[in-house]
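To find a chain, count down the sequence lines: A is the first, B the second, and so on, and within it residues start at 1. Side chains included, hydrogens not; waters and symmetry mates left out as well; all remaining heavy atoms used. Remember, it's a predicted structure, so these values are computed and weren't measured experimentally.
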Amino acid sequence: MLYRAPRGTSDILPKEQAYWRYMEQKVAHIGQLYGYERIDDPAFEDTRLFARSVGEDTDIVKKEMYTFKDRGGSLLTLRPEGTAPVCRAYLEHGLHNLPQPVKLYYIASIFRYERPQAGRYRQHYQFGYEAIGDDDPALDGEVIDMAWQFFLSVNLRHLSLQLNSIGCKKCRPGYIAALKDYYADHTHQLCSDCKTRLKRNPLRLLDCKKPSCQQIADSAPRSIDYLCPECEEHFSRLKRYLELLDLPFVVNHHLVRGLDYYTKTVFEIQPEGGGAQSTLVGGGRYDDLIEELGGKPTPAIGFAAGIERIILNLKKQNVAIPPIPKPKVFIAYLGDDARDEAIKLTSTLRRGDIGVIEAVGDKSLKAQLRQANTLGVGYAVIIGEQEVKSGTVILRDMTSAEQRTIPPSQLEGLLK
RNA sequence: GUGAGUGUCGCCUAGUGGUCUAAGGCGCCAGGUUGUGGCCCUGGAGAACGAGGGUUCAAAUCCCUCCACUCACCCCA
């Protein structure tokens with residue numbers, strides 16, 4: 001094999017497309033129900049955009065970005081996440097002049113240099129919804145509701161919605177200090193990863209999977225106990241809204257996120273079974289990000305969802321997906337004169353908005369019908385020498401095997 | 001980046017040192033009366049057995065290296 005798709009990437013072949021079209025359709029529909037409009041941004045951006053937003057010290061920036069210099073010498077990076085580009089576009093195009101909040105959604109390929117694994121790829125697709133320009137906790141509720149309703153609408157079941165608040169830049173430092181304090185007494189019991197986390201990113205100590213570390217995390221200080229009055233108020237109102245919305249959330253004190261820009265609300269949705277790479281949705285509030293990128297202080301909230309992982313779960317749960325419609329009719333012919341008729345007829349039907357697959361080459365009628373059968377079309381039209389002479393065609397119903405000889409002009413009406 | 005498992009026609013699989021210039025199923029192509037599919041029958045195309053190197057009289061079968069895939073850690077959607 002000379003060439004293969006690069007590691008961690010994959011071709012989405014026709015037989016998979018039904019899932020993908022279905023996802024797109026649902027994403028657009030939810031967007032429309034909630035008043036979110038689609039935005040598409042470039043696959044690559046100025047490297048600094050991601051370094052600044054995602055955080056210089058995160059794994060994504062430190063070792064997972066596809067970064068390159070273009071021929072003009074600009075340092076560019078294939079987007080490793082979807083939120084920063086949306087914020088950049090918000091600033092670049094002065095979207096703060098629109099009524100706030102501005103509500104946007106995207107479906108985009110995401111690139112991260114990682115070791116591929118179940119539910120993890122170097123190029124994958126995410127969709128996400130972002131509401132920029134207001135700090136009302138009702139917006140947090142709306143966004144979380146969108147994620148939840150999305151899964152209801154595609155019939156994915158057995159999901160768990162996890163919620164936490166990690167505070168803002170006013171109260172988080174106090175919490176992190178308390179956390180470090182607590183962990184200082186347990187350093188010797190920590191796994192080696194956690195020892196580096198303690199220095200680098202103490203919040204991440206909380207979601208280590210090692211049982212021994214989890215025990216320590218279980219009695220660690222909880223972020224919600226250190227919230228400032230504003231964050232506290234925000235969180236309790238959000239919880240009330242989620243109850244109003246009838247969303248079955250659980251507060252998970254160990255839930256933190258891997259990107260630096262999150263503030264206050266963070267949430268995830270995952271299958272109840274759990275398992276590796278299982279998170280379907282991750283999101284939260286990012287009230288400081290726009291300012292960090294050079295705008296005025298502008299609160300915002302959003303989430304991203306991994307499409308491959310969702311499809312994986314749809315398959316696991318045997319969820320039926322609407323098929324992509326096929327052409328209705330196959331046109332078979334015998335002989336050159338018939339072929340001329342077939343070409344004309346094919347074109348007429350297509351112009352009349354009827355999907356047609358026309359035979360090609362010089363195959364036996366048997367071979368042509370075999371092909372029609374394999375393609376799964378509902379009807380076959382057969383044109384032979386006799387039909388050319390009499391100015392008719394044969395219309396064969398592929399399910400019932402009934403066929404009749406008719407003038408071609410009747411075809412359009414019968415196939416509509 | 002770390003660890004484990006796997007690697008034979010498009011897909012699934014047989015084969016564990018000589019009978020393998022590799023077998024079967026699915027799929028594909030064609031034929032089975034003159035212009036007709038789906039079932040059945042027959043035939044055909046399609047792999048030098050991931051790549052390279054070794055051991056041996058002899059390797060798909062043993063050893064080494066590399067590569068790829070899968071899974072887990074890590075990270076995250």
Side-chain angles (χ1 to χ4, degrees), chain A residues 1-10 13 15 23 54 58-65 79-83 106-128 147 191-194 196-197 200-201 204 207-210 256-259 267-271 275-284 302-313 330 332-335 338 359 361 363-388 394-403 405:
Chain A
M1 193 84 45
L2 219 44
Y3 298 112
R4 24 174 77 237
R7 180 159 217 201
T9 69
S10 51
L13 296 173
K15 66 176 196 181
M23 289 295 103
V54 175
T58 58
D59 276 27
I60 291 180
V61 171
K62 280 205 318 221
K63 43 193 199 199
E64 294 178 358
M65 297 205 305
R79 66 176 159 239
E81 65 103 32
T83 299
Y106 61 85
I107 303 176
S109 47
I110 301 290
F111 305 87
R112 288 181 201 167
Y113 186 83
E114 300 188 271
R115 200 80 179 257
Q117 197 183 315
R120 193 171 79 182
Y121 316 92
R122 289 185 175 178
Q123 181 186 173
H124 74 280
Y125 290 82
Q126 295 184 5
F127 64 84
C191 69
S192 59
D193 285 326
C194 277
T196 61
R197 287 185 181 113
R200 281 256 150 65
N201 195 348
R204 295 239 127 229
D207 66 358
C208 181
K209 279 180 204 149
K210 297 215 169 57
V256 296
R257 312 243 57 244
L259 289 74
F267 69 99
E268 281 185 12
I269 293 178
Q270 34 194 273
Q277 317 305 330
S278 58
T279 300
L280 299 177
V281 162
F303 73 82
I307 298 181
E308 286 84 351
R309 288 184 187 177
I310 294 172
I311 292 175
L312 232 46
N313 279 273
F330 183 90
Y333 58 82
L334 287 161
K363 294 182 193 159
S364 69
L365 183 57
K366 177 177 187 149
Q368 295 182 66
L369 285 175
R370 195 187 290 139
Q371 190 182 354
N373 183 245
T374 310
L375 290 169
V377 299
Y379 297 91
V381 167
I382 300 165
I383 311 174
E385 303 292 330
Q386 286 169 34
E387 287 70 34
V388 173
I394 296 169
L395 175 62
R396 178 180 181 83
D397 182 322
M398 293 300 283
T399 323
S400 66
E402 285 166 28
Q403 53 183 54
T405 304

As its Watson-Crick or G-U partner within any shown strand, both distances under 3.5 Å, B:rC20 has none
Indicate, with a heavy-atom threshold strictly under 4.0 Å, whether A:L365 touches base, sugar-phosphate, or nothing. base
Within the structure, does a side-chain N or O atom of A:R257 lie under 4.0 Å from either OP1 or OP2 of B:rA77? yes
Determine the Euclidean distance between corresponding P atoms of B:rU2 and B:rC66; express it in Å to zero decimal places. 12 Å
Checking all strands, does A:T374 fall into the base, sugar-phosphate, or nothing category for heavy-atom contacts under 4.0 angstrom? sugar-phosphate
Which base, if any, makes a Watson-Crick or G-U wobble pair with B:rC66, both distances under 3.5 Å? B:rG50
Using purine N1 to pyrimidine N3 plus N6-O4 or O6-N4 for Watson-Crick, or N1-O2 and O6-N3 for G-U wobble, each under 3.5 Å, what pairs with B:rU34? none
Looking for any heavy atom pair under 4.0 Å, which part of the strands does A:Y121 touch: base, sugar-phosphate only, or nothing? base
State whether the distance check finds a donor on one side and an acceptor on the other, under 3.5 Å, for side chain A:Q386 versus base B:rG35. yes
Counting the atoms with a prime plus P, OP1 and OP2 as sugar-phosphate, which does A:Q368 contact under 4.0 Å by heavy atoms, base, sugar-phosphate, or nothing? nothing
For B:rC29, give the paired nucleotide (Watson-Crick: N1-N3 plus N6-O4 or O6-N4; G-U: N1-O2 and O6-N3; both under 3.5 Å), or none. B:rG43
Below the 4.0 Å mark, does B:rC73 have OP1 or OP2 next to a side-chain nitrogen or oxygen of A:Q117? yes
Would you classify A:A372 as touching base, sugar-phosphate or nothing, given that sugar-phosphate means primed atoms plus P, OP1 and OP2, and contacts are heavy atoms under 4.0 Å? nothing
Under 4.0 Å: is that the gap between some side-chain N or O of A:R115 and OP1 or OP2 of B:rG3? no
Numerically ordered, the residues 306-313 of chain A set in heavy-atom contact under 4.0 Å with RNA chain B is A:G306, A:R309
Please answer whether the main-chain N or O of A:E81 pairs with a side-chain N or O of A:Q126 as donor and acceptor at a distance below 3.5 Å. no
Would you mind reading off the distance between A:L369 atom CG and B:rC29 atom P, rounded to a whole angstrom? 13 Å
Nearest listed nucleotide, side chain of A:P116, among B:rA77, B:rC75, B:rU70: B:rU70
Between A:E114 and A:E64, is there a donor-acceptor pair closer than 3.5 Å when you use the side chain of the first and the backbone of the second? no
Under 4.0 Å between any heavy atoms, over every strand shown, what does A:G119 touch: base, sugar-phosphate, or nothing? Just pick one. base
Is any side-chain nitrogen or oxygen of A:K366 closer than 4.0 Å to OP1 or OP2 of B:rG31? no
In the strands shown, is B:rA58 matched to any nucleotide by a Watson-Crick or G-U wobble pair with both distances under 3.5 Å, and which? none
At 4.0 Å (heavy atoms only), tell me whether A:K209 reaches a base, stays on the sugar-phosphate, or touches nothing. base
Measure the distance from CE on A:M65 to P on B:rC76 and round it to the nearest whole Å. 14 Å
Counting only Watson-Crick or G-U wobble pairs whose two distances fall under 3.5 Å, which nucleotide matches B:rC73? B:rG1
Using a cut-off of less than 4.0 Å, is there contact between a side-chain N or O of A:R204 and OP1 or OP2 of B:rC76? yes
Nearest-Å distance for atom pair CD1/P, residues A:I60 and B:rC74: 16 Å
Would you check if A:R79 and A:I110 make a side-chain contact, meaning some heavy-atom pair closer than 4.5 Å? yes
Using a heavy-atom cut-off of 4.0 Å across all strands, would you classify A:K62 as base, sugar-phosphate, or nothing? nothing
Closest nucleotide of RNA chain B for A:T399 versus for A:C208: which of these residues is on the 5' side? A:T399
Can you tell me how far apart OG1 (A:T58) and CG (A:N201) are? Round to the nearest 0.5 Å. 8.5 Å
OP1, OP2 of B:rU36 versus side-chain N and O of A:S364: anything below 4.0 Å? no
Any sub-3.5 Å donor-acceptor pair from A:R112's side-chain atoms to A:I60's backbone N or O? no
I'd like to check A:I382 versus A:E387 (side-chain heavy atoms, cut-off strictly below 4.5 Å). Are they in contact? no
Just checking A:E64: base, sugar-phosphate only, or nothing, at a heavy-atom cut-off of under 4.0 Å? sugar-phosphate
Rounding to a whole Å, what distance do you find between A:R197:CZ and B:rC73:C1'? 10 Å
Nearest whole Å is fine: how far is B:rC71 P from A:R7 CZ? 12 Å
From CZ of A:R396 over to P of B:rG37, roughly how many Å is that when rounded to an integer? 7 Å
Which nucleotide sits closest to the side chain of A:L259: B:rA30, B:rG35, B:rA77? B:rA77
Would you kindly compare A:D193 and A:V281 by the position of their nearest RNA chain B nucleotide and give the one closer to the 5′ end? A:D193
With distance as the sole criterion, do the side chain of A:Q403 and the base of B:rG37 form a donor-acceptor contact below 3.5 Å? no
Rounded to whole angstrom units, what separation is found between the CZ atom of A:R112 and the P atom of B:rC75? 13 Å
With P as the reference atom in both, quote the distance from B:rA23 to B:rA45 in angstrom, rounded to an integer. 11 Å
Just call it for A:A367: base, sugar-phosphate, or nothing, with non-hydrogen atoms closer than 4.0 Å on any strand. sugar-phosphate
Starting at atom CZ of A:R4, determine the distance to atom P of B:rG50, rounded to an integer number of angstrom. 12 Å
Rounded C1' spacing from B:rC9 to B:rG5 in Å: 24 Å
